[in-house]
Asker: 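After the structure tokens below, expect a handful of questions from me.
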Amino acid sequence: MGNYSVVVLDFETTGLSPNNGDRAIEIGAVLIENNRIVDRFQSLMNPGMKISRFIEEYTGITNQMLQAAPSIIQVMHKFAAFMARHHLVAHNASFDSRFLDAELQRINHTRCQEFACSLLLSRRLYPESPGHSLETLVRHKSLTTDGVHHRALADAEMTGHLWMGMIDDLKADYNLKQVPFQLLQQLSKVSKSAAPVFLQRAAEKQRQG
DNA sequence: TGCCAGGCCCTCTTTAGGGCCTT
């Protein structure tokens, strides 16, 4: 129960909505076991369409780079093997899960595992933070970063460090022995004001066995 | 031609509106 692995993933895309024709252009992911990054996945992917100047400037990924990249289908087959059946984590998971499911559908692959959202969790654990964007949280919590933003692997690594930091903080602040994935999923669904009491009760239950 | 995301969360709320967060 306490030793589970998660894959923290991040997409760069042509825009905000797969329902609006947007596609993935890069995926980055880290595999975390025992609160340590033990593996990484990164690839650009050719969406078969030109990306906007805005996306080129936002990500630093150019149309020229994408012309030389493998197809989305090739990359998604490899990523499906990487994520296997591990739990999934993303910052604003509703965004990444929509793109993941849309691109997996094109290779007739169905996701079997659940997501946890580090954005929803950070709002409950760090209400004092001036914001809950990944960039703000990295500054607020002094997380490990190479200074790169809006590239898939760099964002996945920072989200991974945020995730590990949240688990450490939960253990320290609430005296939790273990922080099961399901507990974090439940925490992201309780109201922000109810989160502290929810965590105190979870810790009591663990002490009672 | 003109349209253009979706979900969370707060509040001057629930017969709603707007900021935040993801690209």
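Fair warning: this is a prediction, and the values are worked out from it, not measured in the lab. Residue numbers start from 1 in every chain, and the chains themselves are labelled A, B, ... in the order their sequence lines are given, proteins ahead of strands.
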Asker: Give the rounded distance in Å between these two atoms: CD1 of A:Ile51 and C1' of B:dT23.
Answerer: 11 Å

Asker: Rounded off to whole Å, could you give me the CG-to-C1' distance for the A:Asp10 and B:dT23 pair?
Answerer: 9 Å

Asker: For atom C1', what is the distance between B:dC9 and B:dT13, given to the nearest Å?
Answerer: 12 Å

Asker: What interatomic distance, in whole Å, is found between C1' of B:dT15 and the corresponding atom of B:dG19?
Answerer: 22 Å

Asker: Working note: A:Glu12 + A:Arg151, criterion salt bridge (Lys or Arg N to Asp or Glu O under 4.0 Å); need CA distance, chi angles, decisive distance, verdict.
Answerer: CA-CA 7 Å; A:Glu12 305 305 315; A:Arg151 285 299 300 266; over 6 Å; no

Asker: In whole angstrom, what separates A:Ile25's CD1 from B:dT23's C1'?
Answerer: 8 Å

Asker: Could you measure the distance from the CD1 atom of A:Ile167 to the CZ atom of A:Phe181? Nearest 0.5 Å is fine.
Answerer: 9.5 Å

Asker: Minimum heavy-atom separation for A:Leu120 and A:Ser188, please, with both atom names.
Answerer: CB-CB, 3.9 Å

Asker: Check every strand shown and say whether A:Asp96 touches a base, only sugar-phosphate, or nothing at a heavy-atom separation below 4.0 Å.
Answerer: nothing

Asker: To the nearest 0.5 angstrom, please state how far the OH atom of A:Tyr174 sits from the CZ atom of A:Phe198.
Answerer: 11.0 Å

Asker: Which atom names give the shortest non-hydrogen contact between A:Asn175 and A:Arg207, and what distance separates them?
Answerer: ND2-NH1, 3.8 Å

Asker: For the C1' atoms, the ones on B:dC8 and on B:dC3, what distance do you get once it is rounded to whole angstrom?
Answerer: 25 Å

Asker: What's the gap between B:dT23 and B:dG17 when it is taken at their P atoms, as a whole Å value?
Answerer: 29 Å

Asker: What do you reckon, are the aromatic ring centroids of A:His132 and A:Tyr126 less than 6.0 Å apart?
Answerer: no

Asker: Report the distance from atom CG of A:Leu16 to atom C1' of B:dC21, rounded to the nearest whole Å.
Answerer: 10 Å

Asker: Identify, residue by residue, the members of residues 131-152 of chain A with a heavy atom below 4.0 Å from DNA chain B, and return them in order of residue number, or none.
Answerer: A:Gly131, A:His132, A:Ser133, A:Leu134, A:His150

Asker: Which heavy-atom pair separates A:Ala24 from A:Pro47 by the least distance, and what is that distance?
Answerer: O-CB, 3.9 Å

Asker: Let me know the distance between CG of A:Asp101 and P of B:dA5, rounded to the nearest Å.
Answerer: 19 Å

Asker: How many angstroms lie between atom CD1 of A:Ile25 and atom CE of A:Met49, to the nearest 0.5 angstrom?
Answerer: 10.0 Å

Asker: Just the rounded figure in Å: distance from C1' of B:dT22 to CZ of A:Phe115.
Answerer: 12 Å

Asker: Base, sugar-phosphate, or nothing: which does A:Phe54 touch, judged by heavy atoms less than 4.0 Å apart?
Answerer: base

Asker: Under 3.5 Å, which N/O atoms of the protein pair with N/O atoms of nucleotides 6-10 of chain B?
Answerer:
unit_1	atom_1	unit_2	atom_2	d
B:dG6	OP1	A:Asn19	ND2	3.2
B:dC9	OP1	A:Arg124	NH1	2.6
B:dC9	OP1	A:Arg124	NH2	2.7
B:dC9	OP2	A:Arg124	NH2	3.1

Asker: For atom P, what is the distance between B:dT1 and B:dG7, given to the nearest Å?
Answerer: 31 Å

Asker: Any Lys/Arg nitrogen of A:Glu103 or A:Arg106 sitting under 4.0 Å from an Asp/Glu carboxylate oxygen of the other?
Answerer: yes

Asker: Roughly how many Å is it from CG in A:Leu100 to P in B:dA5, rounded to a whole number?
Answerer: 21 Å

Asker: Expressed in whole Å, how much space separates the C1' atoms belonging to B:dC4 and B:dA16?
Answerer: 22 Å

Asker: Between the side chains of A:Asn63 and A:Glu56, does any donor sit under 3.5 Å from an acceptor?
Answerer: yes

Asker: Rounding to an integer number of Å, can you tell me how far A:Met45 CE sits from B:dT23 P?
Answerer: 13 Å

